[in-house]
There are 2 protein chains.
Amino acid sequence: MTRGNRNVDLRHLRYFVAVAEEENIGRAAARLHISQPPLTRQIQQLEEELGVTLFTRTPRGMELTQAGELFLEEARNIRALVEQATERAQRAGQGKLGRLDVGIFGSAILDAIPKLLLAFRNRYPDVKVVLHTMTKAEQIEALRQRRISVGFNRMLAPLADLAIKQVTTEGLLLAVRVDHPLAAQPTIRFAELQHHPMVLFPTGARPSFIDKVIGLCADSGFQPQISQEVGDAATGVALVAGGFGVCLVPDSATTLQFPGVAYRPLSDTPPNFHVDLSCIYRKDDQSPILAAFLDTVGRYRDDQA
Amino acid sequence: MTRGNRNVDLRHLRYFVAVAEEENIGRAAARLHISQPPLTRQIQQLEEELGVTLFTRTPRGMELTQAGELFLEEARNIRALVEQATERAQRAGQGKLGRLDVGIFGSAILDAIPKLLLAFRNRYPDVKVVLHTMTKAEQIEALRQRRISVGFNRMLAPLADLAIKQVTTEGLLLAVRVDHPLAAQPTIRFAELQHHPMVLFPTGARPSFIDKVIGLCADSGFQPQISQEVGDAATGVALVAGGFGVCLVPDSATTLQFPGVAYRPLSDTPPNFHVDLSCIYRKDDQSPILAAFLDTVGRYRDDQA
DNA sequence: CTCCTCAATACCCTACAGGTATCATCGAGA
DNA sequence: TCTCGATGATACCTGTAGGGTATTGAGGAG
C-alpha cells in the first residue's frame, strides 16, 4: 500500500472540488482565480500522489471516475471539518468556547456568585462553567495546579503568583434566634455583642471571615465569646436556630431563611464594618476565557456601584 | 469573523500535532526531520492564520492553550480523515471498493451468472453489485447512458462502441411434457422436431435465441411450427408443462424443475448446436471495477474449459 | 476539411519552505 | 551573583515548486 498522502494538502482538495463541480478545468481555474495550466498540473499531481485516476478526460471536459466521486465526498467532508476547526479554534481563542473551572467556598453560594455566573453564562453561552466546592487553601492549591482558573472567597490577600479582583462588598448583619434577648431590639449596638456567645465561621485556612469578626470586636475593645466554630454560614445560622448564640453574617446570608432566626442590623459599628467577596486567579494565566470572565466580574461590580 | 484558513494546509496540521505531542519545538522538529527554525515559523504562521494563540511558550517548552487543545483534537480528526480518504480512493481506484451495475435478462438467471457473481463477490467483497433486469435492447441503451456497466445476454453482436466477452457456451436440450410422444425416447433426433409445435423465446429485440433455434431448424431443412412466443425460458417451460408443445432450452435451464416436464438430449444435431452467454460493456469504460469484473469473467470461463 | 473547445505541455519567474548561524530569555547550580 | 544550558525567536540565504504566458494536441460540430 503506497502511503501517498505525504504531499497532498488542502490546496489539492480545494482545486479538486472546484474541478469536480465545474467539470471543466478552465472554468474551475477562473473560479479559483488562477490560470488553467497550473490547475491541470495540480490535478495531475493529486492523481499521482494518490495513485488513482480521479477524472476521465473527455472532449467536453472532466468527468469524475467512481473513485473520484468517492474522493469528492471525502474531500468535501475534510474541507468542512477544517472550516469548522478553524472557526471553533477562533471562538475558543476569543474566550467564547471552552470550559472554565471555578472554585467556590462552603455550601454557601450566595447572591453575588449565582448572579455573576448567570451573567457570564448569558454572555458566553458556549463556555461550560464547572463549579468545584473547596476551601480557600484548596483553591490556592488548585489554582497553582491549574485544576481551576478562578476561585471565589472572602478575606483574600494578594500573593506573588496570584492576583485578586474584588467582586462585591457587603455589610454585616446579626443572626439571632427570635426568642433571644437581643432579638427584641430592632437595631443592636455592636458593643452589646461582647455579652453574648457567638457562633463563628468558617473553620480552615486563616485569615478568614473569623478573623474579620474578631478584628472588628478588637476594634471595639472586646474579645468575642466563641460558643462554636463551624464550616460555613448555613451551618452557623442552623446553630443560631439551635440556641448556640448569635452569629455575624454578611448581608447576603439573609437568603438563608431559617425558621426562628431573624437578622438584625447593627449600630455604633467600628470602621470597616463590611466584608469583601473577591476572586483570585493566576497572574500569568493568559486564557481568553478567564479574561472574559474577569471582564464580566468587572461589569458586575460596576453595575452594583 | 476572519476567514483565515485560506493558507492553512495539512503540513501546518502535521507540524502542529507534532509540537503539541512533544511539547517542545526542537524534539518535534527532529521527529519531523526538519530543523527547528522553520518549525517555529510554521507554528507562528498557523497561529497568525487562525488568529489564535495555540501555545503558551514557557522556559520548559510549548504548552497548549485551551484553544490549542481543542484544535489538536480537530487536527487529529482531519488528518485521520485524509488518511482514510486517500486509502478509500486507492481501493476504489483498484476496483476494490465501489459499485457495479449489471444488466441481466428475463427472469432466468441461470447457472453461470449466479456462480460468476458469487466468485466476483468473494474476490471483491466491498464492491456492491446491483442487478437490473432488462431486455437486450434496454441493456444496450442503459450501457450507453451509463446506467449499467455490463450486461449479460445471448446472441450478442459487437457494436461500434460496445465490446463483447463470452462467458460460457452451452448445448441445448428439449423440454417436453412427460406424456408427450417424444418423451418416450431417451434421445430425440433433431429433425423430428419439425413435426411438433414448439414454444419459442424470448420476445423482444432480435436477433435473439429465437433466431438461433429457427436458424438451426433451417440448417436441418425445415421450418419450426411455432405454437407460442414467450418472454423467457421459465415461461417457456411453464407452457411446455401446460401442453403447448416442446421447447428448446439451453443446458442450464434444467435448473428450472417443473412438475411433469422432462429434459431430453438431442441427436443428429446440426453444426453450431450450442448457444453462447456473453457479457457486453462499453469499449471506452476505463473503470477499474469493470476491469476487475471482466477479469473474473475470464477466470470463470477458463475454469469451465 | 476547418474551426472551436478542451486539456496538456514548455518554459519562465517569484514566493516561500527549509537550512545555517546567531540571539534572547529564563532557571538551575556553582 | 554569575555562568551555563536549554528553549524558542530572529536574520539571512537557497532551492523548489506553484503560478503565469504562450503554445501544442486532440476531438467534435458545422
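Quick note: numbers below take in every heavy atom, side chains included, and nothing from hydrogens, waters or symmetry partners. Numbers restart at 1 for each chain; the letters A, B, ... are given by sequence-line order, proteins then strands.
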Q: Can you confirm whether or not the ring centre of A:F71 sits under 6.0 Å from the ring centre of A:F16?
A: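 Under 6.0 Å, so yes.
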Q: Check the distance between D:dA17's P and A:L46's CG and give it to me in whole angstrom.
A: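 A:L46 atom CG is separated from D:dA17 atom P by 16 Å.
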Q: Both B:T40 and A:Q45 contact DNA chain D. Taking the nearest nucleotide for each, which residue is further toward the 5' end?
A: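 Nearer the 5' end of the strand: B:T40.
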Q: To the nearest Å, give me how far apart CE (A:M62) and P (D:dG27) are.
A: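 A:M62 atom CE is separated from D:dG27 atom P by 15 Å.
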Q: Evaluate B:T169 against B:D276 for side chain to side chain donor-acceptor pair (under 3.5 Å), listing each step before the verdict.
A: CA-CA 4 Å; B:T169 186; B:D276 292 345; 2.8 Å; yes
Q: Take A:G61 and A:P38, find for each the nucleotide of DNA chain C with the closest heavy atom, and name the residue whose nucleotide sits nearer the 5' end.
A: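 The residue closer to the strand's 5' end, by nearest nucleotide, is A:G61.
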Q: What is the distance, rounded to the nearest whole Å, between atom NE2 of B:H33 and atom C1' of C:dA17?
A: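 After rounding, the gap between these two atoms is 17 Å.
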Q: Taking only side-chain nitrogens and oxygens of A:S35, does any of them come within less than 4.0 Å of OP1 or OP2 of D:dG19?
A: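 So the side-chain polar atoms of A:S35 never come under 4.0 Å of the phosphate oxygens OP1 or OP2 of D:dG19.
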Q: Report the nucleotide, chosen from C:dA8, D:dG19, D:dG8, that has the shortest atom-to-atom distance to any side-chain atom of A:Y15.
A: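 Of the options given, the side chain of A:Y15 lies nearest D:dG19.
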Q: With respect to the side chain of B:P37, which nucleotide from D:dA9, D:dT7, C:dA8 is positioned closest?
A: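 Among the listed nucleotides, the one closest to the side chain of B:P37 is D:dA9.
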Q: Can you see if the side chain of A:R41 gets near the phosphate of D:dG19 - specifically, an N or O under 4.0 Å from OP1 or OP2?
A: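 So the side chain of A:R41 is outside the cut-off, no N or O lying under 4.0 Å from OP1 or OP2 of D:dG19.
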Q: Which residue lies toward the 5' end of DNA chain D, A:R60 or A:I34, if each is placed at its nearest nucleotide?
A: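 This one resolves to A:I34.
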Q: Whole-Å distance between C:dA15 P and B:N7 CG?
A: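 Interatomic distance, CG of B:N7 to P of C:dA15: 14 Å.
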Q: Pair A:R301, A:T168 - check side chain to side chain donor-acceptor pair (under 3.5 Å), show working.
A: CA-CA 6 Å; A:R301 189 182 52 192; A:T168 188; over 6 Å; no
Q: Would you mind reading off the distance between B:Q42 atom CD and C:dA15 atom P, rounded to a whole angstrom?
A: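 Result: 17 Å.
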Q: Among C:dT9, C:dA7, D:dG18, which is the nearest nucleotide to the side chain of A:R11?
A: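 Selected nucleotide (nearest to the side chain): D:dG18.
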Q: Supply the atom-to-atom distance B:K136 NZ to B:E141 CD, rounded to the nearest 0.5 angstrom.
A: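 One finds 15.5 Å between NZ of B:K136 and CD of B:E141.
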Q: Nearest to the side chain of A:P59, heavy atoms from C-beta on, is which of C:dA7, D:dG8, D:dG28?
A: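 Between C:dA7, D:dG8, D:dG28, the one nearest the side chain of A:P59 would be D:dG28.
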Q: Could you give the CD1-to-C1' distance, from A:I43 to D:dG18, as a whole number of Å?
A: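 Taking CD1 of A:I43 and C1' of D:dG18, I get 14 Å after rounding.
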Q: What residue among A:Q42, A:E47, A:E49 forms side chain to side chain donor-acceptor pair (under 3.5 Å) with A:H12?
A: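 For A:H12, the side chain to side chain donor-acceptor pair (under 3.5 Å) test succeeds with only one of A:Q42, A:E47, A:E49, which is A:Q42.
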Q: Of the options C:dG19, D:dG8, D:dT7, whose atoms approach the side-chain atoms of B:R27 most closely?
A: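 The closest nucleotide is D:dT7.
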Q: Ignoring backbone atoms, establish whether A:Q36 has a side-chain N or O less than 4.0 Å from OP1 or OP2 of C:dA7.
A: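 The answer is no; no side-chain N or O of A:Q36 sits under 4.0 Å from OP1 or OP2.
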Q: For A:F55 and C:dA8, give me the distance from atom CZ to atom P, rounded to whole Å.
A: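 The distance from CZ of A:F55 to P of C:dA8 comes to 10 Å, rounded to the nearest Å.
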Q: Determine the contact category for B:H12: base if any of its heavy atoms lies under 4.0 Å from a base atom, sugar-phosphate if only primed atoms, P, OP1 or OP2 are that close, otherwise nothing.
A: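 B:H12: no heavy atom of the nucleic acid under 4.0 Å.
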Q: Would you kindly give the CG-to-P distance between B:D9 and C:dC16, to the nearest whole Å?
A: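 Between P of C:dC16 and CG of B:D9: 12 Å.
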